[in-house]
Amino acid sequence: MNFIITETQKAILELYKEEIAESVINIQETRKEFEGQVTIVVFPITKISKKSPEQTATEIGEYLVAHLEDITKFNVVKGFLNLSIAESYFLKQFNEEVLATDFGVFPSNGKKVMVEYSSPNTNKPLHLGHVRNNLLGYSVSELLKAYGYDVVKVNLVNDRGIHICKSMLAWQKWGNNETPESTGEKGDHLVGKYYVIFDREYKKEIEALKAAGQTEDEAKKNAPLIKEAQQMLLKWEQGDEEVVSLWKKMNEWVYAGFNITYKNLGVDFDKFYYESNTYLLGKGTVDEGLAKGVFFKKEDGSVWIDLTEDGLDQKLVLRADGTSVYITQDLGTAEMKHDDFNMDESIYVVGNEQDYHFKVLFLILEKLGKSWAKGLYHLSYGMVDLPNGKMKSREGTVVDADELIESMISTAREKTEELGKTNDFPQEDKEELYKNIGLGALKYFLLKVEPKKRLLFNPAESIDFQGNTGPFIQYTHARIKSLLSKSDYKFGVGSLAFGGISDVELEMILQLARYPAEIEIAAKAFSPASLANYLYELAKLFNKFYHEVPPIVKTEDGEVKQFRLNLCKKTADIIYAGMLILGITSPERM
RNA sequence: GCCUCGGUAGCUCAGUUGGAUAGAGCAACGGUUUUCUAAACCGUGGGUCAGGGGUUCGAAUCCCUUCCGGGGUACCA
């Protein structure tokens, strides 16, 4: 549409004798209720024309029709100049751009980006909140790949700390040597069970101490269990053999469990980092900061940075006893990751409760003069809430990832069998299909919402399979595939000459042509949600088209048939590719 | 208290740099299948875009302010 902007600039120069910036020309798609396809908003131009909006629009309209062959006519509604563009223009665009094999494929941009996501704690199984993180991280990675980046997916596993010791201690005390093998339980669930047991017993002790006259805070500190857990952590840090081997054993159980969940979710990683290897990092960075005068030391020996000039607070970066805090580790880890991969950009997919932490982290790295600090980005997303509030692993009020996946698949099975769609499928294919549909519904449900918004999940209401859902889009794809196979489709660029394409067909061309721009928008915003909504609009439009047009398979006119089949084929291709970016597979049949 | 992110239909959500009468889905009601998959399509009803003020030819969108909700707030990660 650039030619319209250029020509409008010329029109203004000729009519009103003034040069005008491209940005002043506000161009948009014409609303359906008006005639035309492209609209120029002329209000901003009236300042130059010194005439009424209607008169300005009319003058420009007349100029454009006279000078551009592809603009056939125009109409003016208030300050809106609606242009009708020749059908041949769109047909040409469709045949030459949209049907090209490299349509929507971005060449490499030569940049490397790291996406860090998942980052689980190894003391409990994954829940719905983690699922959102994983799907978002995976999808953003795919999106950036599609946009031309070289992507490295990493997982920084939080495999050490007091929380792990809690599970370990409870298992030692009450576990009776249970193992995943002996119980048949998934390893992460087994370990999580002891985390819950710890919390339950710990609370009992707190209550007892409170009954004995201690305050809540005292009781929390003095409970024997928490002291024992802290002892255990100390031993772990000292390399105590018994503790370390228990830690290794239980972590292995958890990893085996996570691997299954990751596989079911369809997410993967190029590299794992373990906090047990990185938690001592960052002290060198602290020294560097002190030397550069970015940090300062207090009398007690603790190290701080003053960010009050940046509207933030003073922040501790190293304790008085020389041990690190969270941000110390993250400073060190950031440097290490950069040394390892030398990436241009780095995305941290982490929940919004850490907004402040990352703001501080990035600011510190910038103040330390790290050239790569400006390429860091915190992809912050909202919590997943249940109707009665937040999920809490300790209290067992969570939607478990494995159970959720399982229930999505069985719902897909029920619905599909109810519809009788898979009666002639081999058993293996059926299971594959149910998995694709169930996960398609789940993934789309979570990804269609803008990341930063928090999201409500009501376990009592099952995730839909109709309307604005994954299965709806998958269904559209399957429908097209069926149609193409029945029509014996062969690719061929259609004629430019034939007339009479309908409104829906025109809309489809426009919607299809938008795909590369949508990838770009989504990639720049790190937002699979906008892509998801685009794909939904495309699928919806296709279904409308499918109903309005007489059966394509039986179309007599070869050119019309070819054109319509091309529309179908391209729609299926884009749905397939776009859904893959969301991590969703679109079946051939469903 | 301060910082930060949200508040759009009964519910779940779209709404790019300010543009025309704010859109979908679900739920409710009604209709569509001798034709390529009805997980579809078409229609009806449903709104003080949290409230107020301002800027503008024009505000869900920008500014100010109040209310409600989430999160953070210096030695947890």
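Computed from a predicted structure; not experimentally measured. Letters go in sequence order (proteins before strands), and every chain restarts at 1.
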message = With the criterion set at under 5.5 Å between ring centres and under 30 degrees between planes, would B:rA39 be stacked on A:Phe472?
response = no
Figure out the [atom1]/[atom2] separation between [X] and [N], and round it to whole Å.
X        : N      : atom1 : atom2 : answer
A:His547 : B:rC42 : NE2   : P     : 8 Å
A:Gln474 : B:rU37 : CD    : C1'   : 15 Å
A:Leu455 : B:rG69 : CG    : C1'   : 16 Å
A:Phe358 : B:rU4  : CZ    : P     : 19 Å
A:Ile5   : B:rU17 : CD1   : C1'   : 13 Å
A:Ile437 : B:rA40 : CD1   : P     : 12 Å
A:Arg479 : B:rU35 : CZ    : P     : 13 Å
A:Ile521 : B:rU17 : CD1   : C1'   : 11 Å

Please measure how far the [atom1] atom in [N] lies from the corresponding atom in [M], and state the result in whole Å.
N      : M      : atom1 : answer
B:rU21 : B:rC42 : P     : 24 Å
B:rG53 : B:rG71 : C1'   : 29 Å
B:rA24 : B:rC41 : P     : 12 Å
B:rA9  : B:rC2  : C1'   : 36 Å
B:rG69 : B:rC26 : P     : 32 Å
B:rU8  : B:rG46 : C1'   : 14 Å
B:rA60 : B:rU35 : P     : 47 Å
B:rA14 : B:rA22 : C1'   : 11 Å

Rounded distance (nearest 0.5 Å) linking atom [atom1] of [X] with atom [atom2] of [Y]:
X        : Y        : atom1 : atom2 : result
A:Leu565 : A:Ser487 : CG    : OG    : 4.5 Å
A:Glu505 : A:Arg564 : CD    : CZ    : 4.5 Å
A:Glu507 : A:Gln37  : CD    : CD    : 10.5 Å
A:Tyr348 : A:Thr333 : OH    : OG1   : 7.5 Å

Would you confirm whether [X], through its side chain, and [Y], through its main-chain N or O, come within 3.5 Å as a donor-acceptor pair?
X        : Y        : result
A:Ser139 : A:Ile581 : yes
A:Asn133 : A:Gly351 : no
A:Lys561 : A:Val553 : yes
A:Ser527 : A:Ala523 : no
A:Asp464 : A:Gln466 : no
A:Asp159 : A:Ser276 : yes
A:Asn123 : A:Lys166 : no

From the options [options], select the nucleotide whose nearest atom is closest to the side chain of [X].
X        : options               : answer
A:Met590 : B:rC36, B:rA39, B:rC5 : B:rA39
A:Lys544 : B:rC41, B:rU8, B:rU37 : B:rC41
A:Tyr546 : B:rA40, B:rU8, B:rA38 : B:rA38
A:Lys452 : B:rG6, B:rA39, B:rA20 : B:rG6

Counting the atoms with a prime plus P, OP1 and OP2 as sugar-phosphate, which does [X] contact under 4.0 Å by heavy atoms, base, sugar-phosphate, or nothing?
X        : result
A:Met383 : nothing
A:Asn458 : nothing
A:Asp310 : nothing
A:Leu456 : sugar-phosphate
A:Val41  : base
A:Thr39  : base
A:Ser380 : nothing
A:Ala525 : nothing
A:Val384 : nothing

query = Between A:Tyr576 and A:His477, what is the ring plane arrangement, given parallel below 30°, perpendicular above 60°, and tilted in between?
reply = tilted
Look for any protein N or O under 3.5 Å of an N or O in nucleotides 73-77 of chain B and output each such pair with its distance, or none.
{"residue": "B:rA74", "atom": "N3", "partner": "A:Gln314", "partner atom": "O", "Å": "2.6"}
{"residue": "B:rC75", "atom": "O2'", "partner": "A:Arg319", "partner atom": "NE", "Å": "2.1"}
{"residue": "B:rA77", "atom": "OP2", "partner": "A:Tyr326", "partner atom": "N", "Å": "3.1"}
{"residue": "B:rA77", "atom": "O3'", "partner": "A:Glu275", "partner atom": "OE1", "Å": "2.9"}
{"residue": "B:rA77", "atom": "O2'", "partner": "A:Asn158", "partner atom": "ND2", "Å": "3.1"}

remark   = When A:Phe445 and A:Leu81 are each assigned the nearest nucleotide of RNA chain B, the 5'-most assignment goes to A:Phe445
inquiry  = Tell me whether the side-chain N/O atoms of A:Ser482 come closer than 4.0 Å to OP1 or OP2 in B:rC36.
reply    = no
ask   = For the ring pair A:Phe272 and A:Phe258, is the centre-to-centre distance below 6.0 Å?
value = no
request  = Tell me whether the centres of the aromatic rings in A:Phe80 and A:Phe43 are closer together than 6.0 Å.
outcome  = yes
remark   = Correct closest heavy-atom pair for A:Asp385 and A:Arg454 would be OD2-NE, 2.7 Å
remark   = Between A:Gly578 and A:Tyr515 the two heavy atoms that sit nearest each other are N-OH, 4.0 Å
Contact list (N/O, under 3.5 angstrom) for nucleotides 54-57 of chain B vs protein:
none

Check nucleotides 22-25 of chain B for protein N or O atoms closer than 3.5 Å to its own N or O atoms and list the pairs.
{"residue": "B:rA24", "atom": "O2'", "partner": "A:Tyr536", "partner atom": "OH", "Å": "2.8"}
{"residue": "B:rG25", "atom": "O2'", "partner": "A:Asn468", "partner atom": "N", "Å": "3.2"}

Can you tell me the pairing partner of [N] across any strand shown, Watson-Crick or G-U wobble, with both distances under 3.5 angstrom?
N      : answer
B:rG1  : B:rU73
B:rU21 : none
B:rG43 : B:rC29
B:rU55 : none

task = Establish whether the base of B:rU37 is bridged to the side chain of A:Lys421 by a donor-acceptor pair shorter than 3.5 Å.
result = yes
ask   = B:rA39 base to A:Thr476 side chain: any donor-acceptor pair below 3.5 Å?
value = no
